Amino acid sequence: MMKVTDNVYYCPGRLFDSNIFIVASQGELVMIDTGTGIFYEELKEQLKKDGLSIKDIAKVVLTHVHVDHSGGLAKITEESSPEVLVFHKEADSVENGGLLTLADEFGIPFTPVKVHVQLKEGDIIEVGSLSLKVISTPGHTAGSICLYEPREKMLFSGDTVFTGGSFGRVDFPTGNPQQLVSSLRRLSKLDVTYLFPGHLDIATGKGSEQIALSLKYAELMISP
Ligand SMILES: [Zn+2]
């Protein structure tokens with residue numbers, strides 16, 4: 001875990017794992033994405049070094065159901081009972097598994113987990129003094145979301161937009177290239193300083209420039 005802002009801890013993804021983020025404010029902890037779960041013990045060790053514990057995490061939010069982001073959820077719920085928040089379009093896959101998890105493609109088991117809150121566009125997830133706004137960003141998957149914190153200008157972007165001009169694959173089930181471009185256009189209108197994507201490096205400044213670059217490349221590669 002690296003503390004990358006006053007309120008955000010970052011665990012860079014290893015192998016297939018997604019990046020894992022923990023937003024902390026006024027003693028409240030919210031985890032965004034969980035990785036595959038393969039490195040769960042290491043994650044717990046890392047948390048311990050920062051004086052944190054899995055049991056302190058009040059909520060887990062998934063940016064989408066792909067197993068590299070969601071596989072660790074079952075391990076967390078085995079020893080703790082955080083509230084699980086998932087966009088409504090992918091809640092069924094989290095609760096029942098199946099094609100959309102990509103467990104077969106990755107060869108990584110997915111254990112279904114109960115969803116407590118089915119998120120909708122515009123929902124606000126409060127974390128202490130911060131508020132994470134749910135933005136529906138279909139394209140990588142139909143139920144992909146980003147979370148935007150307007151005060152700190154942070155965007156948790158899942159697999160919709162990455163740093164370095166990259167953006168999410170659109171060839172998985174429910175993926176849609178035109179929707180991805182539309183989602184990037186929408187994100188490009190946000191004022192983003194910190195870009196916290198689901199894979200690759202984070203950006204701790206000029207996040208909006210990264211999004212603009214990804215939009216430019218996506219528009220070049222994906223014809224309308
Ligand atoms: Zn994905």
Side-chain angles (χ1 to χ4, degrees), residues 10-22 31-40 43 60-76 84-113 115 118-119 121 132 134-148 155-184 186-187 195-203 210-211 214-215 217-218 221-222:
Y10 163 48
C11 178
R14 293 163 63 186
L15 291 178
F16 293 128
D17 264 36
S18 71
N19 295 330
I20 299 170
F21 298 97
I22 293 177
M31 181 182 278
I32 300 170
D33 286 338
T34 68
T36 57
I38 291 170
F39 300 107
Y40 182 60
L43 174 67
V60 179
V61 189
L62 299 180
T63 59
H64 62 299
V65 72
H66 286 164
V67 69
D68 53 329
H69 296 252
S70 65
L73 187 55
K75 293 196 172 163
I76 295 167
V84 174
L85 296 82
V86 178
F87 196 62
H88 65 93
K89 285 190 180 171
E90 295 189 349
D92 181 63
S93 298
V94 174
E95 294 198 318
N96 298 296
L99 183 73
L100 294 191
T101 67
L102 300 185
D104 291 345
E105 267 97 334
F106 279 96
I108 295 165
F110 175 82
T111 306
V113 168
V115 173
Q118 293 200 17
L119 296 168
E121 160 72 26
L132 302 168
V134 174
I135 304 174
S136 166
T137 50
H140 177 62
T141 66
S144 282
I145 57 169
C146 293
L147 298 169
Y148 181 60
L155 184 72
F156 298 90
S157 61
D159 286 359
T160 298
V161 60
F162 304 115
T163 51
S166 293
F167 48 87
R169 285 175 61 167
V170 291
D171 56 338
F172 292 129
T174 76
N176 180 307
Q178 279 73 35
Q179 284 185 338
L180 185 84
V181 172
S182 301
S183 291
L184 292 175
R186 201 173 159 208
L187 295 176
L195 180 62
F196 295 132
H199 298 278
L200 304 176
D201 289 335
I202 62 170
Q210 300 280 336
I211 296 166
S214 297
L215 172 62
Y217 289 148
M221 289 171 68
I222 299 169

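In each ligand, atom 1 is the first atom listed, and ligand 1 is the first ligand listed. Bear in mind the structure is a predicted one, so any value in this text is a computation, not a measurement.
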So D159 and H69, side chain to side chain contact (heavy atoms under 4.5 Å, CB included) or not? Walk me through it.
CA-CA 9 Å; D159 286 359; H69 296 252; 3.0 Å; yes
To the nearest 0.5 Å, what is the distance between CG (N19) and CZ (F156)?
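Those atoms lie 11.0 Å apart.
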Would you say the rings of H66 and F172 are close, in the sense that their centroids are separated by under 6.0 Å?
yes
Below 6.0 angstrom between ring centroids: does that apply to Y217 and F167?
no
Anything protein N, O or S sitting under 2.8 Å from the Zn ion (ligand 1): count it and give me the total.
4
Flag the pair L187 / T137 as yes when at least one side-chain heavy-atom distance between them is below 4.5 Å, and no otherwise.
yes
How would you list all residue pairs meeting side-chain hydrogen bond (donor to acceptor under 3.5 Å, both in side chains) that involve residues 92-101, not counting sequence neighbours?
D92-N96
